[in-house]
**Student:** 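Here it is: the structure, laid out below.
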Amino acid sequence: MSVKSMQARVNPVYLTAKTAVCLMERAKIPGAEEIACALALDDKALLQNMKDEETILGNALVVEAKYRTMCRLIEASGIMTSVDLPCGYTPKAIYMTEHGRKFVGLDLPIVIQEIEPIIRQLAGQAENVTFYGVDATNYSSLKAALHDVSGPLCISTEGMMMYFSDDEADTVIANIQCLLSEYGGCWITPDLEYALQFCGTFQAVFGEESLAKLMATRDTAQGQSAVVALGNSFIIEPTDIPASEARAEALLARHGLKAKKINLGEHMPELSVYKQLAPEQIVRFKEAMRHCHYWIITLDETKGLHDTARFMEEQPFAMEYALEKGILHLSLCGRLDTISAPQLLLVWEKANHGGNIEGIRIDCTQLKYISSAGIRLLLEIQENCGRPLGFSGVNAKVKEILQQNGLAELNES
Ligand SMILES: C[S@@+](CC[C@H](N)C(=O)[O-])C[C@H]1O[C@@H](n2cnc3c(N)ncnc32)[C@H](O)[C@@H]1O
């Protein structure tokens, strides 16, 4: 199995970014067609669950409004370094460099390997563009990516926060808080109100038929990400806006952050997709977007600086293994996440060649954290192994994560 297919197996969510660039191509966003062509994207396969052309149109409308408004807000921040986390396959690097900015594109390694050479070909100012493979939940990877970048940073997050568990969202917020403490700048994201933007858009444009089209959209995102919930305590729920807003604000406050909400309807530029809509649909859409906000998040200076020391102690991932009488003994160190999980998958595939592993014992004494990519892999291994995985030496955090995911058979010996 290639490195690429191992990366894809531990975290398939990158497929959602391929869908996004297909939609950007439909919305005639400059550069999207060239990128989709260089990636040889098959938009029929990627968009297949969006059953009709109208559902695709609704999605293109959401994506174009988001992309163009975000570019505008990044420019309006006045900050000259745009850090896109996650950058996906969008043409933002091209736009930002054409508009005099430095661009740092961060995403999972599988995405960066594909997009970097394409953008280097297409972007005129390729020296102002850098790309790094990271995992947003892994602070060391973010820090390494930004080692030669100077602040302030305008960090943009489009289409990522909803794919995380509560715990991962909390970790990413803490990581961004650390970056803002160190580099200065701001974090801009439409993600908190993504569901409001989708519901408002589809309701405005398709009226009573919007529900079925929203369901098809959700099924596509869930299918491509292998994530069921598409929400966490950072994300605003359309069914309870005041309470979920208060919860998200409290979460930010716990990390020494505060938010200013920017009205989408007031800041959205004219969109190309309007050509495919009737005038009354456009009026209703613009009105609906007045009920959505993008959040600009900054350090709350009144709260003082957050403790960043916990990150300084991060150990790099390491793994030892031995096979004895059909039992695979593993010892894991550091973080099991999207970046490190392919190494474990490789060992598992090698050791289990011929299906002769009867059990697995994992020594977690040095293991600090497991992200959902790590959990996905452990569940897959368990399914193929027959016996429940045995864990020993787990810390409180790892124990909680394992138990939440039904990997609770902890063998404390
Ligand atoms: C819906 S796409 C959005 C991409 C891009 N911002 C856009 O608007 O098209 C979600 C992206 O999040 C990235 N992603 C998911 N989990 C991540 C993680 N833990 N760290 C970094 N990127 C991640 C995926 O690889 C994918 O590119």
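Just so you know, these numbers come straight off a predicted model, no measurement behind them. Order of appearance sets the numbers: ligands from 1, and atoms from 1 within every ligand.
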**Student:** One residue to check: T90. Relative to ligand 1, which of side chain, backbone, both or neither has a non-hydrogen atom less than 4.0 Å away?
**Tutor:**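 The part of T90 near ligand 1 is the side chain, not the backbone.
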**Student:** Which atoms of ligand 1 are found less than 4.0 Å from any heavy atom of V111?
**Tutor:**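 Those qualifying, in numeric order: 25 (O).
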**Student:** Taking 4.0 angstrom as the limit and counting only heavy atoms of A20, give me the atoms of ligand 1 inside it, by number and element.
**Tutor:**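 This gives 9 (O) as the contact atoms.
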**Student:** Quick check on contacts: which atoms of ligand 1 are under 4.0 angstrom from a heavy atom of D135?
**Tutor:**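 In order of number, 18 (C), 19 (N), 20 (N).
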**Student:** Regarding W295 and E193, do their side chains bring together a donor and an acceptor under 3.5 Å, going by distance alone?
**Tutor:**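 Result is yes, a qualifying pair exists.
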**Student:** Backbone, side chain, both or neither: what part of Y67 comes under 4.0 angstrom of ligand 1, heavy atoms only?
**Tutor:**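 The answer is neither.
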**Student:** Contact between T338 and ligand 1, counting heavy atoms under 4.0 Å?
**Tutor:**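 No, that is not the case, since the closest heavy atom of the residue is not under 4.0 Å from the ligand.
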**Student:** I would like to know whether K286 and E266 meet salt bridge (charged side-chain N to carboxylate O under 4.0 Å, His left out); could you show each step before the answer?
**Tutor:** CA-CA 9 Å; K286 286 185 176 171; E266 286 169 16; over 6 Å; no
**Student:** Please report whether ligand 1 has a polar contact with D107, defined as an N or O pair separated by less than 3.5 Å (distance criterion only).
**Tutor:**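 Among all N and O atoms of D107, at least one is under 3.5 Å from an N or O of ligand 1.
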**Student:** Cationic tip of K213 within the cone over F206's six-membered ring, i.e. under 6.0 Å and within 45° of the normal?
**Tutor:**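 Positive - K213 is close enough to the ring of F206 and near enough to its axis.
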**Student:** Identify, by atom number and element, the atoms of ligand 1 in contact range of T16, meaning under 4.0 Å from any of its heavy atoms.
**Tutor:**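 Matching atoms, with element in brackets: 1 (C), 2 (S), 10 (C).
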**Student:** Below a 4.0 angstrom heavy-atom separation, can you tell me which part of A136, side chain or backbone, both or neither, approaches ligand 1?
**Tutor:**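 Under 4.0 Å from ligand 1, A136 contributes backbone and side-chain atoms.
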**Student:** For atom CD of E75, is the number of surrounding heavy atoms from other residues, nucleotides or ligands below 6.0 Å larger than 12?
**Tutor:**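 Check passes, neighbour count above 12.
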**Student:** What atoms of ligand 1 come within less than 4.0 Å of a heavy atom belonging to A17?
**Tutor:**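 What qualifies from ligand 1 is 2 (S), 4 (C), 26 (C), 27 (O).
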**Student:** Please check this pair: side chain of R284 against backbone of A204, looking for a donor-acceptor N/O pair closer than 3.5 Å.
**Tutor:**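 Confirmed, R284 side chain pairs with A204 backbone.
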